[in-house]
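Below is one structure, written out as structure tokens, with a few remarks after it.
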Amino acid sequence: MKVFISWSGELSHAVAQVLRDWVGSVLQAAKPWLSSADIERGALWMGDIGAQLHESTVGIFCLTGNNKNAPWILFEAGAVAKGVASSRICTLLIDLEPTAVLGPLSQFNHTKPTKSDMFKLASTLNLALGDGRLSDSGLRRSFDAHWPQFEQEFNHAVATNPEPQGAAPAPNANDLLTEILASVRSLGSRVQQMEERAVRLSPQMAYPFPSDQSTAEPIPRWARPIASNFANEERARMEAAARSAQAGALQSVVSPTGRRRGLSAEKESGKIFPE
């Protein structure tokens, strides 16, 4: 299994080099690939990168405050994902909190450079190995054996490659609310498509009796609540989670006087989502 490691900038590159060695040590069946280390001298680098992106189903993206929205990072993430259900996009947040990641990469589970999070990342990579994966006990032993060296080298990479200050401002309330609204609309669209597929799944559901075939609608009214009951429950849970996230975003921008900064009157009233 090839693991594509993406980087942009000096700090991200330094951490990517540490990560490459660590992945290859913990999971010897994995084949981590890093452009600065694995492209042969004299080779056409763009062609090599394109080939690796095509062949890799797992990508680890080393994100910093300066590169989290870099076009090259986003391009490589899309190329690794390439619409394949088995593809895995993992992000390593070097000097970021998960709430600072917006846009396409925000939909993936983020990894912080802590022992517990890095073990989860190793477990994800191990599962992707299929028949070549380690047992749970074997993975734990290998991870524990190589963790001290990774922690030491990671801290050294961060200390010797400081990022320019002030280059990555925290997202404001409008950015967070826009992100939440876009996510809810996307989920709503996907739920609606799931409902429609469920209703059309079985001809027997659409036309349970022979006499119905000449008079019933293509999607009978009685079938809709049956087919969409589960989807409606899922939608309710999604909306509740989104409103909870909205409340958290609003709370984070409350000033000492209790007034929210930068929000319109409509947002102040809580009418963020259209009826």
Side-chain angles (χ1 to χ4, degrees), residues 1-9 11-13 15-16 19-20 23 32-35 46 49-113 117-118 120-121 124-125 127-128 163 167-194 234-235 237-239 241-246 248-249 252 272-273:
M1 177 193 71
K2 290 187 177 180
V3 180
F4 187 93
I5 300 178
S6 179
W7 60 275
S8 177
L11 173 58
S12 177
H13 182 224
V15 171
L19 187 64
R20 174 180 178 270
V23 170
W33 192 89
L34 180 66
S35 59
M46 189 61 185
I49 291 177
Q52 294 300 323
L53 288 169
H54 178 72
E55 296 173 7
S56 300
T57 56
V58 177
I60 305 177
F61 294 80
C62 301
L63 300 185
T64 68
N66 286 342
N67 75 7
K68 60 187 175 70
N69 294 318
W72 191 250
I73 290 280
L74 300 178
F75 166 77
E76 291 181 338
V80 172
K82 55 182 175 284
V84 179
S86 60
S87 296
R88 296 291 180 268
I89 304 297
C90 308
T91 60
L92 176 59
L93 306 185
I94 299 172
D95 60 354
L96 291 171
E97 292 297 325
T99 53
V101 182
L102 302 177
L105 292 177
S106 65
Q107 62 184 302
F108 303 108
N109 289 329
H110 304 301
T111 301
K112 299 186 70 175
D117 267 19
M118 293 302 293
K120 292 177 183 177
L121 175 60
T124 297
L125 299 178
L127 286 174
E163 288 279 84
N172 59 37
N174 288 334
D175 291 337
L176 292 173
L177 292 170
T178 299
E179 184 78 11
I180 292 169
L181 181 57
S183 297
V184 170
R185 286 175 173 169
S186 175
L187 290 171
S189 176
R190 292 170 62 183
V191 168
Q192 182 177 0
Q193 293 174 9
M194 189 168 62
E234 287 297 305
R235 175 181 292 173
R237 282 195 288 268
M238 291 174 186
E239 290 178 348
R243 293 188 182 279
S244 177
Q246 171 200 341
S252 66
I272 305 298
F273 304 101

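Please read all numbers here as calculations on a predicted model, not as lab measurements.
- The closest side-chain heavy-atom distance from W33 to K2 is not below 4.5 Å.
- Distance CG/L92 to OG/S6: 11.5 Å, rounded to 0.5 Å.
- For the pair L53 and F75, the minimum side-chain heavy-atom distance is below 4.5 Å.
- Residues V101 and S106 approach most closely at O-CB, 3.2 Å, considering heavy atoms.
- Of all non-hydrogen atoms in N67 and I73, the two that sit nearest each other are O-CG1, 3.8 Å.
- Side-chain atoms of L96 and T91, non-hydrogen and from C-beta on, never get closer than 4.5 Å to each other.
- Side-chain N/O atoms of W7 and S35 include a donor and acceptor closer than 3.5 Å.
- Across every non-hydrogen atom of E163 and L11, the tightest pair is CG-CD2, 3.3 Å.
- Side-chain contact between I94 and P113 is absent, with no heavy atoms from C-beta onward closer than 4.5 Å.
- Remark: R20 CZ to I60 CD1 distance equals 12.5 Å, nearest 0.5 Å.
- Atoms OG and CG, from S8 and N66 in turn, are 9.0 Å apart once rounded to the nearest 0.5 Å.
- Note that NE2 of H110 and CG of L93 are 6.0 Å apart. Values are rounded to the nearest 0.5 Å.
- Within the 4.5 Å cutoff, no side-chain heavy atoms of L19 are placed close to those of P32.
- Distance check, rounded to the nearest 0.5 Å: CE of M118 to OG1 of T111 gives 7.0 Å.
- Residue H13 holds its NE2 atom at 5.0 Å from CG of L34, rounded to the nearest 0.5 Å.
- Here the closest non-hydrogen pair linking C90 and T124 is SG-CG2, 4.3 Å.
- Scanning both residues, L63 and K68, for their nearest heavy atoms gives CD2-CA, 4.3 Å.
- In this structure, A128 and V58 approach most closely via the heavy-atom pair CB-CG2, 4.0 Å.
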